[in-house]
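To keep things clear, I will list the structure first and then write my remarks on it.
Just so it is clear, the values below take in all heavy atoms, side chains as well, and ignore hydrogens, waters and symmetry mates. When a ligand or atom number is given, it counts from 1 through the structure's own listing order.
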Amino acid sequence: MSFDLASRCTAQKEQHLYRTRLNLQSPQTPEVTINGQRYLAFCSNDYLGLAAHPKVIEALSLGAKKWGVGGGASHLVIGHSEPHHELEVALAQWTKRERALLFSTGYMANLAAVTALVGKNDTVLEDRLNHASLLDAGLLSGARFLRYQHNNADNLQLRLKRSQGNTLVVTDGVFSMDGDMADLPTLCQTAKAHQAWVMVDDAHGMGVLGRTGAGLVEHFGLTVDDVPVLMGTLGKAFGTSGAFIAGSEELIEYLIQFARPYIYTTSQSPAIACATLQSLRLIEQESWRREHLNSLIEQFKEGAKHIGFPLMESQTAIQPILIGNSEAAMLFSEKLKQQAILVTAIRPPTVANGSARLRITLTAAHTANHVEHLLDALASCWKQMSETTP
Ligand SMILES: *Cc1c(COP(=O)(O)O)cnc(C)c1O
């Protein structure tokens, strides 16, 4: 009688799927220290460089002085304080919705929304490449769970014909491992024609896309009528932590009553909410970060094209280089590390079998010189790789 954990871990190693963690000895900035060595990192989701911004740090420390550190209890008991309320109001205004509801993590926000909205006798339709938290939420909901082909509204329509009960169509806004954008106008139209609701997880669009940074929904000029359930995370472009769902008054009140991952957990630190409010102000008022990020994306794509890299269909800060085999992806990442460049290899099951990749992310805290440096290192490692693997 044994769980035999060790042999399962060994099997992961043999398939080049074993995961280890880096121990960061510096804040989350482009230049990081690990094991006393300096690296230039291109794998953070801190897209606007706000995680270590002085004003955000100050808001956190002032928030802690005023409100203490711990949330103390769940929101429905006595853990809901003024900074949480203020942040919810500000997020609702920013996303042009009646209400917003704050969660401690994006994973929980997704579990909460999907499992509260659909159950037995309902249907949830998800893009094949959706984030793991959305797929888990769909399975946990107990609803009929169907996946449609990536970003394919025709395929969604076929699935919609087989749906029963209340139907929720769920998609990433910007796909986390590919960087491409969901074709929301078409997906929303298709869903509407079948009286289905659309939920968008805009973890990688919020703060970065749209005129005021309000994400992919703003980018396409869609309303709460097109996308009734909008989810955003605060741990990426906001540089803090947590997440939110924004929608109608009715939706938010319903979630407060029925969403178990909202009800049965301690509220996030009110000091974090203070920091996030400060981030939101920077996101709304200082559009130069988005402009700078876009110019770095252009620079990277141009440079990569020049070297002859197989880039994917992405206009966003996520610029993956598809390698295929997990061992080769690990080797590429290791070679870059030897040149003091940090890019993580993303392997199955995070991505499909045979589609391991280097997931390069750019942020507004990078400079044009940083990107130049990355391109040089990529070119030289790419050359080494093609010499050793015919
Ligand atoms: C990161 C991410 C999440 C999870 O958010 P956390 O706040 O990190 O738990 C959910 N969905 C997508 C698409 C993500 O990239």
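Here the side chains of Arg97 and Leu251 are not in contact, with every heavy-atom distance at 4.5 Å or above. Residues Met181 and His219 meet the side-chain proximity criterion, which asks for heavy atoms closer than 4.5 Å.
Considering both main-chain and side-chain atoms, Asp172 never comes within under 3.5 Å of ligand 1 through any nitrogen or oxygen pair. Note: no N/O pair closer than 3.5 Å links Ser176 and ligand 1 by distance alone.
Of the protein's non-hydrogen atoms, Asp201 OD2, 2.5 Å is the one closest to atom 11 (N) of ligand 1. Protein heavy atom closest to atom 5 (O) of ligand 1, with residue, atom name and distance, is Gly106 CA, 3.3 Å. The nearest heavy-atom contact from the protein to atom 4 (C) of ligand 1 is Tyr107 N, 3.7 Å.
Taking 4.0 Å as the cut-off, Ala243 does not count as a neighbour of ligand 1 on heavy-atom distance. The shell of residues lying under 4.0 angstrom from ligand 1, judged by heavy atoms, includes Lys236.
Phe238 and Leu282 fall within a single hydrophobic cluster, where Ile, Leu, Val, Met, Phe, Trp and Tyr side chains are chained together by heavy-atom contacts under 4.5 Å.
Each of the following atoms of ligand 1 lies closer than 4.0 Å to a heavy atom of Thr105: 7 (O), 9 (O). In the vicinity of Thr233, heavy-atom distances shorter than 4.0 Å reach the ligand 1 atoms 5 (O). Close contacts between ligand 1 and Ser133 involve ligand atoms 10 (C), 11 (N) [criterion: under 4.0 Å to a heavy atom]. Contact atoms of ligand 1 toward Asn110: 10 (C), 11 (N) (distance under 4.0 Å to a heavy atom of the residue).
Counting only N and O atoms by type, the side chains of Thr350 and Arg19 include a donor and acceptor under 3.5 Å apart. Checking His204 against Tyr47 by side-chain atom types alone, a donor-acceptor pair falls below 3.5 Å.
Results of the side chain to side chain donor-acceptor pair (under 3.5 Å) test with His150 over Asp127, Asp178, Asp172, Asn130 single out Asp127 as the only residue that passes.
For His366 and Phe42, the gap between ring centers is short of 6.0 Å.
Salt-bridge annotation for Glu126 and Arg147: absent, with no side-chain N of the basic residue lying under 4.0 Å from a carboxylate O of the acidic one.
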